[in-house]
Amino acid sequence: MKKVITYGTFDMFHNGHLNILKRAKSYGDYLIVGVTGENYDLGRGKLSVHETLAERIRSVEETGLADKIIVEEYLGQKIADIRRYGVDVFVIGDDWKGKFDHLNAYCQVVYLPRTQGVSSAQIRHDTFGQYRIGVVTDTADADEIASECAAAACFSISGVYSENASVAAKFSMRNKVPAEPTLAGLLSSSDVLFVRTDLKKRAAYIREALYQSIHVIADAPFAPTLQEQKELLRLADENGVLLSENLTMPHIYIFNQLLWIARGGLIGPVRSIRAGIQDLGDPESSVESLLSAVLCPVLKILGTNIRRISGDAFQLKLEFVNQPPRDGSAMLGTAPEAFSVVQIGDGANEALEIQGDNGTIRAGRHWWRGDYFEIERPGKADPERYSTGYDGNGLKYVLKDFGDALRTGNRRPVTLTREESERIAEIMEVLHQ
Ligand code: CTP
């Protein structure tokens, strides 16, 4: 029996998919179809996939062409599959021409011409449309939004506005989008405002967008004072729009595993967190961006009940109190009293260390990407390691979740809770006094 294998995402199943399955089947007697798993697609930056894995498998099943369906879960799995199932022919569309020649060492490799004029990307675009993002910026390095937008698929850039006309002109030229002479002009052609400005000006832009019921993604915090931060969050609620921080960590699943482990008590009650960030991949990172990033895991693990704040912006000590559960059960994730020391800037020790009674979670340089950590446990020689790869600087993951929230009408913050958001503004306010 001659066995054939082919792979794909098969999102929004279309005629091109049906054609390739038929042609693949004709190369042998038994067809195996590999459908990409959700984490695999997320890890390689293919964030646009709309249907669940179960839905995509069902579509392939319904063709009646597949004798076996498997899930593709990691880069390099194809070799293991070919060996495991004794595959004779590997078939794939010619958009991949040359990319799988190394599989010739295991079986015959066949590239077939793609069916013209149809793709999942086009169907998604026609079905769901795109949200238009207006960019307001006063920095010359806001270009990431343009490239990351393309990957998140459900967004397009409507234009750019800057108080500094030359910043807007350069962004406009590099990214081929219109430079709007006024903020009003930009807002009138946008569903979402992406705000990348100095903290002093940020709140005014956000407020204007919210008044006009336009969703906002902005650096954290949104405003320099707690009162303004609260006002903006309230305004977003009142106008039924989403206001979210541009903060990557909470959108990366490995970071959420870290939170789950710490908060679920899997390293015992957490007593302290030490965290430091030198820069966020850009030596010009503002104090506010660094502090927001460094405080993200701290507040998500130790809570928002802060008893005392001491130190300065470059080394800050926070003391937390947490009430034990009312029903008398043990506290799992946090000790009744805990503290955190956070450092930012050039001299900071760039590491994250979460100390529980029963183990320590550690992550080293660039931990703020949220993609790697280790757990050390008493009596165990080797640490447990958790990691994932991700593509780019992470903004596309923020956009993907933002797009999902818009589409599903979910108005809750996808990044920080309201309390966390307010607490960060409060800490900044204390530091500025
Ligand atoms: N394919 C094809 N003709 C098309 C589209 C896809 O032959 N018009 C083939 C691909 O070459 C691949 C398989 O179908 O071998 C699965 O492709 P997949 O990436 O799932 O589909 P696309 O429509 O290309 O998806 P997207 O637009 O999301 O990239």
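Predicted model only: the values in this text are computed from it and were never measured. Just so you know, ligand 1 is whichever comes first in the structure, and atom 1 is the first atom listed for that ligand.
Annotation: atom 2 (C) of ligand 1 to nearest protein heavy atom, Arg114 CG, 3.6 Å. At the shortest separation from atom 3 (N) of ligand 1 among protein heavy atoms lies Thr115 N, 3.1 Å. Scanning the protein heavy atoms around atom 27 (O) of ligand 1, the nearest turns out to be Ala121 N, 2.9 Å.
Contact check for Val192 versus Val216: no side-chain heavy atoms found under the 4.5 Å cut-off. Side-chain contact check for Ile32 versus Tyr7: every heavy-atom pair is 4.5 Å or farther apart. Lys396 places none of its side-chain heavy atoms less than 4.5 Å from the side chain of Ser147.
Using a 4.0 Å cut-off to heavy atoms of Val118, the atoms of ligand 1 that qualify are 4 (C), 5 (C), 8 (N). Using a 4.0 Å cut-off to heavy atoms of Asp95, the atoms of ligand 1 that qualify are 10 (C), 11 (O). Near Gly93, with a cut-off below 4.0 Å to any heavy atom, the atoms of ligand 1 are 11 (O), 15 (O). In the vicinity of Thr9, heavy-atom distances shorter than 4.0 Å reach the ligand 1 atoms 20 (O). Taking every heavy atom of Gly16 and a limit of under 4.0 angstrom, the matching atoms of ligand 1 come to 2 (C), 3 (N), 4 (C), 7 (O).
For His14, a nitrogen or oxygen atom sits less than 3.5 Å from a nitrogen or oxygen atom of ligand 1, counting backbone and side chain alike. At a 3.5 angstrom cut-off on N or O pairs, Ile20 does not count as close to ligand 1. Close N/O approach between Ile92 and ligand 1 is not found [any backbone or side-chain N/O within under 3.5 Å]. In terms of polar-atom proximity, Pro113 is not counted as a contact of ligand 1, lacking any N or O under 3.5 Å from an N or O of the ligand. Residue-to-ligand polar distances keep Asp94 apart from ligand 1: every N/O pair is separated by 3.5 Å or more. On a distance-only criterion, Gly8 and ligand 1 share no N/O pair closer than 3.5 Å. At under 3.5 Å, a nitrogen or oxygen of Ser120, whether backbone or side chain, sits near a nitrogen or oxygen of ligand 1.
When heavy-atom distances to ligand 1 are checked against a 4.0 Å cut-off, Arg124 comes that close only through its side chain, counted from C-beta outward.
Taking the ring centre of Tyr390 as origin, the terminal cationic atom of Arg369 falls inside the region bounded by 6.0 Å and 45° from the ring axis. Because its NZ or CZ atom is both nearer than 6.0 Å to the ring centre of Tyr40 and within 45° of the ring axis, Arg44 counts as a cation-pi partner of that residue.
Across all their heavy atoms, Phe171 and Ala142 have their closest contact at CE1-O, 3.6 Å.
Note on ring orientation: taking the six-membered ring where Trp is involved, the planes of His17 and His14 are parallel (angle under 30°, cut-offs 30° and 60°). Classified by interplanar angle (parallel below 30°, tilted 30° to 60°, perpendicular above 60°), the ring pair Phe402/His215 is perpendicular.
One N or O on the side chain of Asp191 and one on the backbone of Arg132 form a donor-acceptor pair closer than 3.5 Å. When atom types are taken as modelled, the side chain of Asp11 and the backbone of Ser120 share no donor-acceptor pair closer than 3.5 angstrom. Although no hydrogens or angles enter the test, the distance criterion places a donor-acceptor pair under 3.5 Å between the side chain of Thr127 and the main chain of Ile123.
Here atom 19 (O) of ligand 1 lies nearest to Lys46 when heavy atoms of His17, Lys46, Gln122 are compared.
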